[in-house]
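Worksheet for the structure shown next.
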Amino acid sequence: MKYKTPQYKRIERDISEKISSGYYSVGNSLPTEQELGKQYGVSRVTVRKALDNLVAKDLLIRTPGVGTFVKQTPTYPTKKVDLCGFTAEMDAMGLKATTELEMFEVIRATENIAHLLEISEGDLIYHFRRRRSVNGRVLMLENTFMSVDKYPDISIKVLTGSKYQYFENVLGKKPASNEHQVFPILATEEVAEIFGIDVNTPIIRIANTTRFADGQIMDYTENTLNSPYYQLNYLKH
């Protein structure tokens with residue numbers, strides 16, 4: 001059987017997916033190179049190349065004479081489905097979040113975006129994209145739409161920090177609810193390069209609408225999660 005991608009990349013992706021899914025848990029030892037070679041029908045050299053890449057990506061750790069293990073990565077928490085912005089979420093974990101504003105523009109709302117924001121088609125809206133990172137690792141990409149008429153003072157300075165903190169501390173409007181839909185997707189070449197993962201790695205996209213207590217919409221955002229490092233976690237209260 002022939003593969004479009006090199007065999008070591010196929011093995012690397014499969015092991016990475018097994019780590020993400022919990023098939024190989026933190027601290028678990030992987031089968032030996034010889035065993036993996038038999039499992040995948042390849043040479044030990046090919047297996048070793050795949051494992052070397054996973055070690056370089058900080059997913060595995062080698063202990064000479066003992067074996068290869070799934071590495072603990074405590075600095076990348078799970079995303080809580082809770083009313084909490086990314087910055088506050090990282091602060092609660094004792095981590096420093098950084099925000100890079102990739103694009104910021106004012107455009108006219110299309111019919112679809114107007115419907116999502118509950119405004120009129122053609123109304124002015126902000127459209128911006130941000131990268132949210134911790135320790136140099138991009139954990140989330142945000143693609144956001146927000147009404148200009150409702151929130152005329154949004155600036156680049158605001159968007160390089162926390163939207164939630166701006167609305168709560170400056171405008172006195174605390175977000176009260178999130179409405180979201182979750183979609184499993186495969187990483188494109190562009191997203192894979194940004195996240196430092198393989199193309200076609202399974203990741204998650206969340207379409208999210210945030211509202212205030214009075215029912216007014218704060219924004220509509222599509223969040224793309226770097227799922228191997230920043231996973232979605234549903235919590236019951």
Heavy-atom closest contact ([X] atom, [Y] atom, distance):
X      : Y      : value
Val182 : His180 : CG2-CD2, 3.8 Å
Leu139 : Tyr230 : O-CD2, 3.4 Å
Thr201 : Pro228 : CG2-CG, 3.9 Å
Ile203 : Ser227 : CA-OG, 3.3 Å
Phe195 : Thr224 : CZ-O, 3.5 Å
Leu117 : Tyr220 : CD2-N, 3.7 Å

Point to revise | Interatomic distance, Thr68 atom OG1 to Leu30 atom CG [nearest 0.5 angstrom] | key: 6.5 Å
**Study point:** Euclidean distance, Leu60 CG relative to Leu51 CG, rounded to 0.5 Å
**Key:** 6.5 Å
Answer yes if [X] and [Y] sit in the same cluster of Ile, Leu, Val, Met, Phe, Trp and Tyr residues linked by side chain heavy atoms under 4.5 Å apart, and no otherwise.
X      : Y      : value
Val199 : Leu54  : no
Ile156 : Tyr166 : yes
Ile125 : Phe104 : no
Met218 : Ile119 : no
Ile217 : Met146 : no

Does [X] reach the side chain of [Y], with side-chain heavy atoms less than 4.5 Å apart?
X      : Y      : answer
Gln34  : Lys38  : yes
Leu159 : Ile154 : yes
Asp214 : Lys173 : yes
Pro31  : Tyr24  : yes
Tyr40  : Ile15  : yes
Ser147 : Asp123 : no
Tyr126 : Val106 : yes

Test item: [X] side-chain N/O and [Y] main-chain N/O as donor-acceptor pair under 3.5 Å:
X      : Y      : value
Thr110 : Ile113 : yes
Asn135 : Arg137 : no
Ser155 : Val158 : yes

**Study point:** Passing candidate, side-chain hydrogen bond (donor to acceptor under 3.5 Å, both in side chains) with Asn143, options Arg129, His127, Arg205
**Key:** His127
Review point. Applying the side-chain hydrogen bond (donor to acceptor under 3.5 Å, both in side chains) test to Glu142, which of Lys163, Arg130, Arg131 qualifies?
Key: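 With Glu142 as partner, side-chain hydrogen bond (donor to acceptor under 3.5 Å, both in side chains) holds for just one option, Arg130.
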Check your understanding: Thinking salt bridges, do Lys9 and Glu12 make one under a 4.0 Å N-O criterion?
Key ->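 Result for this pair is yes, salt bridge flagged.
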Review point. Does a side-chain N-to-carboxylate-O contact under 4.0 Å join Arg62 and Asp52?
Key: yes
Check your understanding: Are more than 12 heavy atoms from other residues, nucleotides or ligands located less than 6.0 Å from atom CD of Glu193?
Key -> no
Point to revise | Glu105 CD: over 12 foreign heavy atoms closer than 6.0 Å | key: yes
Review point. Under 6.0 Å between ring centres, would you say that holds for Tyr151 and Phe167?
Key: yes
